[in-house]
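Numbers here are sequence positions counted from 1. Order of listing sets the numbers, starting from 1, for every ligand and every atom in it.
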Amino acid sequence: MAKMWAGRFQKDTDAVVNDFNSSVMFDCRMYAEDLEGSAAHAAMLGRQGIIPQGDVEKILAGLAQIRKEIEAGEIHFSPELYEDIHMANEQLLTERIGDAGKRLHTARSRNDQVALDMRLYVRKEIGEIKSLVLQFMKTLCKKASDNLETVMPGYTHLQRAQPITFAHHLMAYANMLKRDVRRLDNCREGLDECPLGCGALAGTTYPIDRAYTAKELGFSGPNDNSLDGVSDRDYCIELCAALSILMMHLSRLSEEVIAWCSWEFKFIELDDAYSTGSSIMPQKKNPDVCELVRGKTGRVYGTLMTLLTFMKGIPLAYNKDMQEDKEATFEAIDTAKACLKVIDPMFDTLTVLTENMKNAAKRGFINATDCADYLTKKGVPFRDAYKMTGMLVHTCIETGNTLDTLPLEEYQKVSPVFGKDIYQAIDLITCVKERRSVGGPAPEEVARQIQKIQDFLEGQGC
Ligand code: ARG
């Protein structure tokens with residue numbers, strides 16, 4: 001089929017080049033945004049007297065008709081027929097309404113058109129991703145509320161360190177996700193200027209009204225420099241960066257779930273609906289979902305590298321390299337959404353094995369800090385108390401004891417300050433309940449943390 005730009009050319013495009021150059025196979029997902037942008041542009045052209053009002057009406061009806069046809073699956077976006085979604089929609093329009101369709105592209109270029117479509121598309125997707133993150137935060141709050149007193153070992157270096165609760169652990173992730181939401185909001189804010197009207201790169205001689213189209217399309221206003229409007233894809237980079245960080249969080253959590261499901265930990269049990277089996281080992285129940293979330297994180301990081309790399313050496317203004325923004329950004333969006341959609345119900349349905357968590361907390365001397373603190377509270381300087389407790393741990397290891405089973409005489413050999421109340425002081429429940437400092441694991445403190453996230457969720461309309 002003859003190209004829209006065939007006038008200047010003596011030959012048809014080589015078929016290999018045609019396939020290589022076309023983006024319609026993947027940018028057709030922005031069809032609605034492209035139609036919406038065209039409708040606002042056409043309305044503006046009419047208001048400004050740049051094209052006749054009669055043509056505007058035909059264009060608007062034509063665009064609505066195309067939308068219906070696309071949504072009914074009647075349009076096949078093949079690269080043999082169309083180069084990209086922008087040319088496809090314009091061509092479809094002209095086929096349907098004739099000359100009026102040919103007026104649509106007055107005072108516009110594909111460069112400001114694609115810059116607009118991409119912003120509209122990314123803006124919509126940010127909204128969807130954000131609600132999935134908020135939903136997952138809600139699930140974490142629910143699970144945390146049910147586990148305020150579920151004692152588990154807290155780790156550093158994957159060594160048992162100090163006692164915490166499952167609720168405390170989960171709320172750490174809820175707070176990370178809250179910052180992910182802020183990063184998504186920042187991206188949304190960063191793309192809030194409308195590039196329509198920047199033209200190819202240097203604006204236009206027509207008396208366009210950029211403020212009108214910006215408002216119609218829900219932007220705070222037109223962007224301030226036409227070269228910038230068509231040249232930057234920083235909002236895609238910001239989104240891929242935000243999604244990379246989000247995925248990093250989901251991946252860490254997935255890694256923990258994988259460990260928690262193992263026989264070595266057995267802190268939780270995944271619902272059968274969210275686990276998979278083995279083709280050979282009949283006993284297996286695998287956390288494939290988590291492994292995939294962890295694995296797919298690499299893909300999202302990859303999209304960030306793709307964008308940063310192809311953008312870093314291109315001069316102003318538009319260059320075709322920038323067409324590469326689509327697949328990378330779409331991949332980041334699709335992957336993050338798919339992961340959020342599966343991790344949330346998987347989490348919601350998992351069973352917490354409280355006894356196993358508690359038993360693990362009993363081993364590994366995770367109340368050693370509390371033992372040192374016991375002495376400190378009785379006037380022993382912390383460094384001395386720390387050393388004495390170390391000696392006690394050593395004795396426990398030698399004698400096969402835990403701090404809870406070590407006889408009082410042994411304690412008193414190390415320091416006469418020890419009394420019978422040491423056993424109460426190093427009791428796991430006491431250790432957790434006493435950690436009432438802001439941000440700590442004490443149940444009432446974690447309840448405060450949950451409430452704060454719930455207030456945040458409510459403020460977000462959840
Ligand atoms: N499909 C192109 C893209 O995604 C649209 C812009 C084309 N502009 C141009 N001057 N060739 O970037």
Side-chain angles (χ1 to χ4, degrees), residues 1-9 12-14 16-38 40-41 66 70 75-94 104-125 191 194-204 213 217 223 226-237 239-240 303 306-334:
M1 162 160 328
K3 294 280 179 219
M4 213 172 255
W5 29 264
R8 192 226 174 276
F9 288 76
D12 284 345
T13 315
D14 183 272
V16 173
V17 173
N18 191 63
D19 281 353
F20 188 65
N21 193 45
S22 299
S23 55
V24 73
M25 309 76 81
F26 50 84
D27 65 19
C28 61
R29 68 156 84 186
M30 306 193 302
Y31 76 89
E33 288 72 23
D34 192 73
L35 295 169
E36 196 194 334
S38 289
H41 180 66
I66 293 168
I70 295 174
I75 310 284
H76 178 51
F77 288 114
S78 120
E80 282 78 53
L81 294 176
Y82 315 110
E83 184 178 324
D84 56 26
I85 187 60
H86 325 294
M87 287 192 163
N89 278 339
E90 187 181 335
Q91 197 174 312
L92 290 166
L93 183 69
T94 304
L104 172 63
H105 212 53
T106 314
R108 186 176 73 165
S109 156
R110 263 190 304 161
N111 295 351
D112 56 348
Q113 194 177 351
V114 72
L116 168 69
D117 293 2
M118 203 50 187
R119 277 176 174 79
L120 290 174
Y121 185 80
V122 166
R123 187 174 76 184
K124 178 188 82 186
E125 291 292 343
L191 61 75
C194 185
L196 189 60
C198 289
L201 73 162
T204 178
T213 41
L217 294 163
N223 81 296
S226 63
L227 287 169
D228 174 40
V230 293
S231 292
D232 212 347
R233 294 292 182 270
D234 55 357
Y235 56 96
C236 297
I237 298 177
L239 178 63
C240 290
T303 66
T306 300
L307 287 161
L308 285 170
T309 308
F310 81 69
M311 285 299 290
K312 87 179 183 56
I314 50 181
L316 300 187
Y318 179 83
N319 299 263
K320 192 80 171 196
D321 316 42
M322 290 154 77
Q323 182 165 285
E324 292 290 309
D325 64 350
K326 314 281 173 323
E327 285 160 298
T329 307
F330 297 163
E331 168 138 34
I333 292 171
D334 293 349

Closer than 4.0 Å to some heavy atom of [X] - which atoms of ligand 1 meet that?
X: Ser23; result: 1 (N)
X: Asp84; result: 1 (N), 2 (C), 5 (C)
X: His86; result: 5 (C)

Residue and atom name of the nearest protein heavy atom (relative to [atom]), distance in Å to one decimal:
atom: atom 1 (N) of ligand 1; value: Gln323 OE1, 2.8 Å
atom: atom 8 (N) of ligand 1; value: Asn111 OD1, 2.9 Å
atom: atom 3 (C) of ligand 1; value: Tyr318 OH, 3.2 Å
atom: atom 11 (N) of ligand 1; value: Arg110 NH2, 3.5 Å
atom: atom 4 (O) of ligand 1; value: Lys326 NZ, 2.7 Å

Between SG of Cys28 and CD1 of Ile70, what distance do you get to the nearest 0.5 Å?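 If I round to the nearest 0.5 Å, the distance is 8.5 Å.
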
Under the 3.5 angstrom rule, does the side chain of His41 hit a backbone N or O of Gln113 as a donor-acceptor pair?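 No: the side chain of His41 does not pair with the backbone of Gln113.
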
Tell me, with the steps shown, if Thr303 and Glu331 meet side chain to side chain donor-acceptor pair (under 3.5 Å). CA-CA 7 Å; Thr303 66; Glu331 168 138 34; over 6 Å; no

Are Arg29 and Tyr121 in a cation-pi setup, meaning NZ or CZ lies under 6.0 angstrom from the ring centre and within 45 degrees of the ring axis?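 No, Arg29 does not lie over the aromatic ring of Tyr121.
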
Side chains of Ser23 and Gln323: any donor to acceptor distance under 3.5 Å?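 Present: a donor and an acceptor within the cut-off.
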
Taking atom types as modelled, find out whether Arg108 and Thr204 have a side-chain donor-acceptor pair closer than 3.5 angstrom.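 There is no such pair between these side chains.
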
Among His76, Gln91, Met87, which residue satisfies the side-chain contact (heavy atoms from CB on, under 4.5 Å) criterion with Tyr82?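 With Tyr82 as partner, side-chain contact (heavy atoms from CB on, under 4.5 Å) holds for just one option, Gln91.
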
Check whether any N or O atom of Lys320, backbone or side chain, sits under 3.5 Å from an N or O atom of ligand 1, and answer yes or no.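 It does not: no N or O of Lys320 is found under 3.5 Å from an N or O of ligand 1.
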
